[in-house]
Amino acid sequence: MSEVTATPAKPAAKPAAPAAHGAAKPVAAAKMTPEMSAIAAKFGGAVEAAQYEGLLVTDHSKFIEIATYVRDVLKYNQLTNNTATDYIKDGVIEVVNQFTRVPQGGAPLTLKLRVPRPSGHDKTQPVPSLCPLYPGAEFQERETYDMYGVVFEGNPDLRRILMWEGFNGWPLRKDWKEAYYEGDTKPFESRWPGGDHKLAEERVPWEDNVNYPPGFDPFAFKPHPDGDIYDSMLAPSDGTVSIDNGHGVAPTIVEGLNASEMAELKTDEIIVNMGPQHPSTHGVLRMVVKLDGEKVTDLKLALGYLHRNHEKIGERNTWLHNIPYTDRLDYITGIYNEWGYVLGVERMMGLKTTDRVEYLRVITGELTRLASHFWAIGFLLNDLGAFFTPALYFITERDLIIDLLEAVTGSRMMCNYMRFGGVSRDFTSAQWAMARELAFERLPRTIDELDHFLTENEILKARSIGTGYMSADRCIAHSLTGPCLRAAGIGYDVRRADPYGYYDRFDFDIPVLYNGDVYDRYLVRVQEMRESLKIIQQALNQAETQSKVGDIQGGKKAYNHRVPAGQCYARVETPKGELGYYLVSDGNQNPYKYHIRSCSYINLNSMKEMAVGQKVADSVVILGSLDIVLGEVDR
Amino acid sequence: MATQTTNIPDELKNDPRVPEDLNNNIFITTLDKIYNWGRKRSMWPLLFGLACCAIEMICTAASRHDLSRFGWELMRASPRQADLMIVSGTVTKKMIPQIVRLYNQMPEPRYVVAMGSCATSGGPFKEGYNVVSGIDKFIPVDVYIPGCPPRPEALLHSFVKLQEKIEKQSIRTVRWYTTGKTDNGMLVPYLGPDLVDLRRADEIKQKTAL
Amino acid sequence: MAIIGSGILTGLGVTLRHFVETYIEDFKYMGKKAGVQPRMIRRQSPKAKGIVTIEYPMEKMPVPENFRYIPFLVKDDKTNEDRCTSCGICAKVCPPQCIWIARTEDPVTKRPVPAPKDFFIDSTICMNCGYCAEFCPFDAIKMNTDYEIAYYPETENDMRLVYDKNRLTMNESFHWNIHPSVKAAELEAKAADEAKAKAAAEAAAKKAAADAAKKVALAAAPVVPDAPVASVAPTPAAGGAAMAARAAAAARAAAAAKK
């Protein structure tokens, strides 16, 4: 179970207590788990129970020691989530780290750090970085730095990641306001009852979504050079790679030259920029690769080209408003994103769902998993050079799934299907029949065909076997989740590790393979599609006998939910990996903190290590095998 | 003869100026018509996806909706070979310099379709700090498609609309054949403390002066 | 161990089968026009095989009833009244806040009247989530299924994507046409509402008559300052019965909204 420290929702006789962040004492001190007690016993004075949940490390100098203990003794070997919360009334910014045990699962352990809130646009005091212990922290810490200005001492590449270097301010701080700022919380007063349509442009002085600091002179200003991404790559190297990732570091060989002649031969290294507009980068990702011949010697990612400010908007939205926004995270897998979010809110509110709801969630969720894997495999093959034929076949199949989802939910991709305690609609009998036909006849046949079509293909095998290898230990350390982790021999799946929904009622396997390369990731996805089908088939059968048609909404249809003060980290296993929502409520209609632990984003963290030492064409394939969706990467 | 006429577009058939007995053998048309007819049926879109709408764009190019029925199937990854830019998704401030640059690199005549709410005005993310409220603030847009995201058919409908628009154009008046008015491209904005639109640099300097 | 190349050959076999299947489908439908409905429906059903292309401008796939695009407002066919009472719930649940509602005020009493003075939906912000339709207590706002609204601006400052009340309002018959499954239920509810309103009006009329009689009886008695007479609301005219029902419903909704 996830750790929920909020009290269950009582019938709201009176409004819940207002924000308690100004209080000197923590509102609800965290419940101590055995692991937390162990840390408290060992590091007595350095930790205390944190507000709502987890441990607060008061002595920052002990933090690395504690984290090492957490990793090596308590065996929390993966950093699953790193973010910060701005408690503006307390005058602190709280850095949150959550650790899990992989593959055992169970509730995550939370370690928090508090730093005083600097004034204006200053950065905070440095806090120790977890990068030396958990390499997977790198991107997450950079994001926290980018959004809150929290400085992580020891992060190897602490630059802005989603915004650009030189951007004015730290967007997620509570006192930072954007140009189109209209109010702290939605619904805005201006909409009703005296609503007169006004474009946002008409409300702001610049007539545009921009804001400049006073004294800014566009003529004198020199844009921050884009070169900072290149700087660290410019240093000439000897053509070998510094990372030992198991690929071996074979020096470049030119036929007809012996070793000493090779050493004398100076090959020029070139830096190639791929993206953000590039057919192989799956959207607006930018990849900067340093090449020695065709071999990748260094690789850097530039993200944020689709950063749509989900978290800032999410903190202004009401709890309900956020559901359709989650659809737009990983837009291939809309329903699963919603599920993670409503799961978190339901846990905080203590809502119960009906059998029917849970079955419908499983059916629609697994259908999107199928659609997503069809898409992923189709476009992996695109990257491998099988241009568009497999993708066309699989998009046809996906279209059928999407048709069903559209008929049920009303939209092809942005389903907006989940509600707190329910779903928006039940299947009609015709839709149910179509679901049965898809699950029992069409899709099993298609997946067999897919297998037949591709799996034994020699070109596919030649290109993908051994490509993008990463060992199980490194995968865990890099916070990798999803099919890529399972292809490296770790059977970690949130559906089993931290169960939610009715997954315990179905008989299905978690496919695991052991080579950790692109081919195994492909195979894991194919196997997962079969397992998904098994789940859907069982769910359809069980739902017919064990649930009542139309019993879909728990309680009254409400739109102004108040969530009891507390925090929750809810996670689900999306087709891409572990999608988590870190939610903090102060008892109001809007989330106080809304953070998305995005699997695509964190999976990209390991991209460099996988690609270095490979050919440049393979780096494209590796990216394809990670199966990222830019909407979720950049949010 | 009959088989030949079936291949002739409607707008070229049965012109009253042609004597009746020559009707199936001679066609009269204006240069505009023949030019527009060719142009509207062979647009090559730029292979360029931004966000959610790009997925619907790919679906449009896939088997079910099959963009190639329009003669538009060649999605070129290079802007130098493309006639049409489908801005499919949210345009962020970080991305807009690249988009303007891509637009500038497209040879004229070039057309732009703003697909979905986000490209039209910023859409549901309009209030976001990193979102440009509409691609039309930076490059001229020919057709807008509302919807979040538009169905593939809605995208196809926008192509029908774009064809309609092209039909209305005349070689004599279009920008790219009139001397002296050639569009040298848009000024590429840069990323300062916020997005800096160089066309407004004077105004920015005035307003931010201490 | 398989022979080298056999994997590629089996893969090619699959593409060949797909290729042949397109012709099999063609033979099956030989002589039938491209726009024939069953073929199109078959192409998007789980039984689809071979050619799956829908030739869009010529043949259009029917959209499902639940499909949602831009919202519209429903007005009564007969009375020409909006169903909307300007309760503001749709504006509150709208995630990107793209709905603006101006409430009508009574020019004399300055009290709100349950009808919108103006109603704007900025379709360039709308995210088609369908919350407005889902949470509307009066079924007054519904989601349109018409997706063919792409346009090219013909003038400068073409604001056609901001829908005002005129452009948003649609007939009930249009709504029932695209949402056939709710027609029966809505008609039934409407009939029930009307019957209720009629009964209420009759009761009110009766009460008014009784009060009038009482008034006559009391006329002789000394004047009481807080006589119940004063609180008797003006009896709604027969034609205003529906309005009274709407006002009652609006009050209910307002109470719900406050909560």
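Keep in mind it's a predicted model, so treat the numbers as computed, not measured. The sequence lines fix the lettering, A, B, ..., with proteins before strands; numbering per chain opens at 1.
- D208(A) has its side chain within reach of R200(B): a pair of non-hydrogen atoms, C-beta onward, lies under 4.5 Å apart.
- Contacts of L303(A) with chain B are made by backbone atoms alone, with heavy-atom separations under 4.5 Å and no side-chain atom involved.
- Here M75(B) contributes atom CE and F388(A) contributes atom CZ; the two are 7.5 Å apart, rounded to the nearest 0.5 Å.
- Considering only heavy-atom pairs separated by less than 4.5 Å from chain B, the leading option among P324(A), P213(A), A391(A), G169(A) is P213(A).
- Of the possible donor and acceptor atoms, one in the side chain of Q277(A) sits under 3.5 Å from a partner among the backbone N and O of L47(B).
- For the set H310(A), H278(A), E182(A), the count of heavy-atom pairs under 4.5 angstrom toward chain B peaks at H310(A).
- Within a 6.0 Å radius of NZ in K205(B), no more than 12 heavy atoms belonging to other residues, nucleotides or ligands are found.
- Between A51(B) and R308(A), the shortest heavy-atom contact is CB-NH1, 3.7 Å.
- Checked by atom type, the side-chain pair Y393(A)/S63(B) shows no donor-acceptor distance below 3.5 Å.
- In terms of heavy-atom pairs under 4.5 Å with chain A, the best-connected choice from G128(B), C52(B), A61(B) is C52(B).
- Residues D202(B) and F219(A) form a side-chain contact, since some pair of their non-hydrogen atoms from C-beta on lies under 4.5 Å apart.
- Contact annotation for L102(B): only side-chain heavy atoms (C-beta onward) come within less than 4.5 Å of a heavy atom of chain A.
- Looking at L306(A), the atoms closer than 4.5 Å to chain B (heavy atoms on both sides) sit in the backbone and in the side chain alike.
- Between chain A and the options S78(B), P79(B), P124(B), the largest number of non-hydrogen pairs under 4.5 Å is found for P124(B).
- When heavy atoms are compared at a cutoff of 4.5 Å, Y181(A) does not approach chain B at all.
- Within the 4.5 angstrom heavy-atom criterion, only side-chain atoms of R412(A), from C-beta onward, approach chain B.
- Of the possible polar contacts, none joining the W164(A) side chain to the K93(B) backbone as a donor-acceptor pair under 3.5 Å is found.
- Within the 4.5 angstrom heavy-atom criterion, only side-chain atoms of L46(B), from C-beta onward, approach chain A.
- Considering only heavy atoms from C-beta on, D194(B) stays 4.5 Å or farther from N168(A) through its side chain.
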Stepwise salt bridge (charged side-chain N to carboxylate O under 4.0 Å, His left out) check, R316(A) with E127(B): CA-CA 10 Å; R316(A) 191 175 304 135; E127(B) 60 197 280; 2.6 Å; yes
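- Using a 4.5 Å cut-off between heavy atoms, I402(A) makes no contact with chain B at all.
- When atom types are taken as modelled, the side chain of N209(A) and the backbone of S133(B) share no donor-acceptor pair closer than 3.5 angstrom.
- Taking every heavy atom of both residues into account, A62(B) and I395(A) meet most closely at CB-CG2, 3.6 Å.
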Test side-chain contact (heavy atoms from CB on, under 4.5 Å) on L392(A) and R64(B); report intermediate values, then the result. CA-CA 9 Å; L392(A) 281 183; R64(B) 183 181 280 183; over 6 Å; no
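- Within the 4.5 Å cutoff, the side chain of M413(A) has heavy atoms near those of the E56(B) side chain.
- In this structure, chain B has a heavy atom under 4.5 Å from the side chain of F379(A), while its backbone stays farther away.
- Taking the six-membered ring for Trp and thresholds of 30 and 60 degrees, F125(B) and Y325(A) have ring planes more than 60 degrees apart, a perpendicular arrangement.
- In this structure, T208(B) contributes its side chain and F216(A) its backbone to a donor-acceptor pair below 3.5 Å.
- Heavy atoms only, all atoms of each residue included: T92(B) and Y305(A) are closest at OG1-O, 2.7 Å.
- Minimum interatomic distance between C59(B) and D399(A) (heavy atoms only, all atoms of both residues): SG-OD1, 4.1 Å.
- Within the 4.5 angstrom heavy-atom criterion, only side-chain atoms of E406(A), from C-beta onward, approach chain B.
- With N309(A) contributing its side chain and Y129(B) its backbone, the two residues share a donor-acceptor pair below 3.5 Å.
- Shown here for C148(B) and M414(A), the closest heavy-atom pair between the two residues is O-CG, 4.0 Å.
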